[in-house]
Amino acid sequence: MKIKVINPNTTASMTQLVAMAAQSVAGTGVQIQAAQPGDGPVSIEGFYDEAMATVGLLEEVRKGEAEGVDGYVIACFGDPGLDAAREIAKGPVVGIAEAAMRTASYLATGFSVVTTLTRTVIIAEHLVDKYGVRSHCRKVRACDIAVLELDNPLSNAYATILDECKTALIQDGSAAIVLGCAGMTDLCNRLSEDLGVPVIDGVTSAVLMVESLVRLGLSTSKKGDYALPLPKPYTGKLCHLAPQAKPS
Ligand code: 5HY
């Protein structure tokens, strides 16, 4: 089974971090292929970054379809381009935000999300409603550390995130924490030990969700909303991305 894990930003060190996390949980016979777009934002911290990253993300899915990839993980907490990716992919596509939020809802009646910048809180809030987990999500919090500062030893990221999680458990009445960035994947186990509650990382949750769906022989429905895009010409720089008619 081949699972393609796509980091939609263009920072190679983050793609490597995500690849290691994915590989650490992948089952027997599962090949993890990690990728990032060539063009786009070095980190995604808002609606504009998301929009600009989505074309590159979809190009990586198109490449995967040509290579017979069985399933995809979108390794960015905004789940950018998720629905569009499900239109063009045969196999299951899972975003790390959806995977983490659904996983948390199995483990606690209430969870809090701890994400990076305050300006990205709204993106996670929109996803809480989109995925119908408002009754489980007690609060979305930000620790105001930029995405690319997470692996900067001088940013004191771990202590800041730990403090925000402790506040969430006290003030929000939550009993589990969802990590709101792919760049936090390597902090998950240590945070869970230090907090004594389930801390959910979306990268590893999403890989196992895709693996389970593929093992169940399930794939994205091509009836209705996630049907292949209608074939039509695209103009200008995107003409090579025009949806083609399905070979008869
Ligand atoms: C992520 N941005 O997981 C999101 C996190 C965020 O580049 N990878 C990014 O802050 O929304």
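When a ligand or atom number is given, it counts from 1 through the structure's own listing order.
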Who's the nearest protein heavy-atom neighbour of [atom], and how far?
| atom | value |
| --- | --- |
| atom 4 (C) of ligand 1 | C76 SG, 3.5 Å |
| atom 8 (N) of ligand 1 | M14 CE, 3.6 Å |
| atom 7 (O) of ligand 1 | I44 N, 2.8 Å |
| atom 5 (C) of ligand 1 | C181 SG, 3.5 Å |

Is ligand 1 less than 4.0 angstrom away from at least one heavy atom of [X]?
| X | result |
| --- | --- |
| S43 | yes |
| G180 | yes |
| N9 | yes |

T116 N/O under 3.5 Å from ligand 1 N/O: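 Among all N and O atoms of T116, at least one is under 3.5 Å from an N or O of ligand 1.
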With respect to G78, determine whether any N or O atom, backbone or side chain, lies less than 3.5 Å from an N or O atom of ligand 1.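 Between G78 and ligand 1, no N or O pair is found under 3.5 Å apart.
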Considering only heavy atoms of A182, which atoms of ligand 1 have at least one such atom less than 4.0 Å away?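 Going through ligand 1 atom by atom, the ones under 4.0 Å from A182 are 1 (C), 3 (O).
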If I compare all heavy atoms of D70 with all of K2, which pair ends up nearest, and what's the gap?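 Here D70 and K2 meet closest at OD2-N, 2.6 Å.
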When you measure from the side chain of S105 to the backbone N and O of R102, does any donor-acceptor pair fall under 3.5 Å?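 Checked: pair present.
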Tell me, yes or no, whether the heavy-atom count around D39 atom CG, taken from other residues, nucleotides or ligands under 6.0 Å, exceeds 12.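 No, the 6.0 Å shell around CG holds no more than 12 heavy atoms from other groups.
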Other residues, nucleotides and ligands only: do more than 12 of their heavy atoms fall within 6.0 Å of CG on D163?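 More than 12 heavy atoms, drawn from other residues, nucleotides or ligands, come within 6.0 Å of this atom.
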So among L57, V61, V94, which one has a side-chain contact (heavy atoms from CB on, under 4.5 Å) with I74?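 Exactly one pass, corresponding to L57.
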Assess whether side chain to side chain contact (heavy atoms under 4.5 Å, CB included) is satisfied between V30 and R215, documenting all intermediate values. CA-CA 10 Å; V30 175; R215 286 197 193 289; 3.6 Å; yes
Could you check whether N9 and S43, counting side-chain N and O atoms only, form a donor-acceptor pair closer than 3.5 Å?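 No, N9 and S43 have no side-chain donor paired with an acceptor closer than 3.5 Å.
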